[in-house]
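Comments concern the structure below.
Chain naming here is simple, since letters A, B, ... match the order of the sequence lines and numbering starts at 1 in each.
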2 protein chains.
Amino acid sequence: MSKHQKEMALLKEHLGKHQLKYTRQRELILDAFLKQEHITAEELYHQLSRKDPHLGLATIYRTLNLFCEAGLAQARHFGTQTQYDNVSHKGHHDHLICTECGKIVEFENCDIERLQEEVATRNGFIIKTHRLELYGLCSRCQH
Amino acid sequence: MSKHQKEMALLKEHLGKHQLKYTRQRELILDAFLKQEHITAEELYHQLSRKDPHLGLATIYRTLNLFCEAGLAQARHFGTQTQYDNVSHKGHHDHLICTECGKIVEFENCDIERLQEEVATRNGFIIKTHRLELYGLCSRCQH
DNA sequence: AAGTTAATTGAAATAGGTTATCAATTTCAA
DNA sequence: TTGAAATTGATAACCTATTTCAATTAACTT
């Protein structure tokens with residue numbers, strides 16, 4: 001009895017619609033992925049290589065991209081790497097970043113998100129995800 | 001007599017503070033960069049290779065990164081490439097990006113910016129710059 | 001239950017964008 | 001003008017992500 005019934009059902013639905021197969025690897029990767037809020041392919045690869053040393057990195061990438069198409073994950077390019085966000089973890093958060101010391105504070109602001117929706121609607125867009133980063137100096141670095 | 005006195009002054013100030021030198025290449029790249037609203041290193045390379053065939057791609061990358069440090073440019077990762085935004089282009093603008101066709105709509109929203117300031121203040125930060133990107137589907141790609 | 005077909009996998013090669021290396025050149029201060 | 005230090009161009013190296021391909025596996029058929 002898996003903990004992720006809903007997500008697994010979603011995945012199976014997507015697989016069925018596209019003549020894709022439900023494999024041991026996809027199940028393994030799904031379980032590991034859903035425990036995270038966001039993760040890179042590389043990190044997931046290392047986590048899983050303990051359980052199954054033969055699982056290839058290419059399979060991780062292929063499967064994470066599959067999750068994106070199935071609506072379970074969302075890719076976000078952050079620096080040089082791609083973060084795969086777990087969509088079922090609804091608390092999306094934004095970042096305050098100190099350019100001096102690198103400190104990162106996460107925050108969430110409903111008012112900002114509402115205004116974002118307004119802007120999108122006004123331009124005919126439907127937002128699937130977003131990124132907001134505020135760069136500046138934290139209290140300790142202001143001198 | 002360059003058109004970009006202000007930006008050039010900013011660059012020279014940064015160079016002076018960091019024991020860096022003002023070179024012919026940096027001047028060339030600055031002039032070309034400031035004519036754009038945003039551009040990739042590759043694109044800039046091709047534009048400039050007509051004027052100066054010996055200008056190397058590595059120099060473009062180095063210089064664009066320098067501009068980021070000097071506060072003239074801002075890097076934005078889109079897909080596999082990096083867009084360098086011209087900060088001096090009137091009023092900072094944010095982006096609505098279609099994940100399907102790549103269409104980019106620029107917008108500005110004072111209310112969002114005000115809320116950002118509030119969040120920063122609440123966390124003891126002083127914002128120097130920010131980045132807001134909304135990803136989704138444009139009106140034409142919603143089917 | 002065995003056979004068939006098409007999707008999937010792992011390993012390695014490849015791709016694409018960006019950065020590091022290094023000898024030669026250029027800037028800038030003395 | 002000279003000399004130390006930064007910069008450049010060419011290319012190699014790097015890193016992340018995708019493609020290739022033969023072997024394997026899932027799922028449908030009989």
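- A:L15 has its CG atom 15 Å from the C1' atom of C:dT9, to the nearest Å.
- Side-chain contact annotation: B:E43 with B:Q36, donor-acceptor N/O pair under 3.5 Å absent.
- Rounded to whole Å, the distance from CG on A:L48 to P on C:dT9 is 13 Å.
- In this entry C:dA30 has D:dT1 as its Watson-Crick or G-U wobble partner, both defining distances falling under 3.5 Å.
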Dump every N/O contact between nucleotides 28-30 of chain D and the protein below 3.5 Å, one line per pair.
none

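- Hydrophobic cluster membership differs between B:V87 and B:I126, with clusters built from Ile, Leu, Val, Met, Phe, Trp and Tyr side chains linked at under 4.5 angstrom.
- For the pair A:H54 NE2 and D:dA23 C1', the interatomic distance rounds to 15 Å; values are reported in whole Å.
- Donor-acceptor pairing under 3.5 Å is lacking for the side chains of B:Q47 and B:Y45.
- Between B:Q25 and D:dG9 there is a side-chain polar atom (N or O) within less than 4.0 angstrom of OP1 or OP2.
- Between B:N65 and B:Y84, the shortest heavy-atom distance links the atoms OD1-OH, 3.2 Å.
- One atom, NE2 of B:H14, and another, C1' of D:dT7, lie 14 Å apart when rounded to the nearest Å.
- Test B:Q19, B:H14, B:E13 against B:K17 for side-chain hydrogen bond (donor to acceptor under 3.5 Å, both in side chains) and you get one pass: B:E13.
- Two different hydrophobic clusters hold B:L137 and A:L72 under the rule that ILVMFWY side chains link at heavy-atom gaps under 4.5 Å.
- Minimum atom distance to the side chain of A:T59 is reached by C:dG10, of the listed D:dT8, C:dG10, D:dA10.
- Taking a 6.0 Å sphere around CD of A:E106, one finds it holds more than 12 heavy atoms contributed by other residues, nucleotides or ligands.
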Is there any protein nitrogen or oxygen under 3.5 Å from a nitrogen or oxygen in nucleotides 28-30 of chain C, and what are the pairs?
from	atom 1	to	atom 2	distance (Å)
C:dC28	OP1	B:Y22	N	3.0

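- Between A:R26 and C:dT8, a side-chain N or O to OP1/OP2 separation shorter than 4.0 Å is present.
- Atom CG in A:L66 sits roughly 8 Å away from atom P in C:dT8 (whole-Å rounding).
- Along DNA chain C, the nucleotide closest to A:H18 and the one closest to A:D52 are compared, and the more 5′ of them pairs with A:H18.
- With respect to the salt-bridge test (charged N to carboxylate O, under 4.0 angstrom), the residues A:R131 and A:D94 do not qualify.
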Can you check each nucleotide of nucleotides 13-20 of chain D against protein heavy atoms at under 4.0 Å and return B for base, S for sugar-phosphate only, - for none, in 5' to 3' order? ---SBBBB
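- Taking the centre of each ring, A:F33 and A:F67 come in below the 6.0 Å mark.
- Partner of B:R26 under the side chain to side chain contact (heavy atoms under 4.5 Å, CB included) criterion, out of B:D31, B:T59, B:L66: B:L66 alone.
- You'll find the side chain of A:E42 reaches within 4.5 Å of the side chain of A:L57, heavy atoms only.
- Rounded to whole angstrom, the span from the CG atom of B:L55 across to the C1' atom of D:dT11 amounts to 16 Å.
- Taking atom CD1 on A:I29 and atom P on C:dT8, their separation rounds to 12 Å, with Å as the unit.
- With rounding to whole Å, B:I39 atom CD1 is found 13 Å from C:dT18 atom P.
- Shown here is A:R114, whose CZ atom has more than 12 heavy atoms of other residues, nucleotides or ligands within 6.0 Å.
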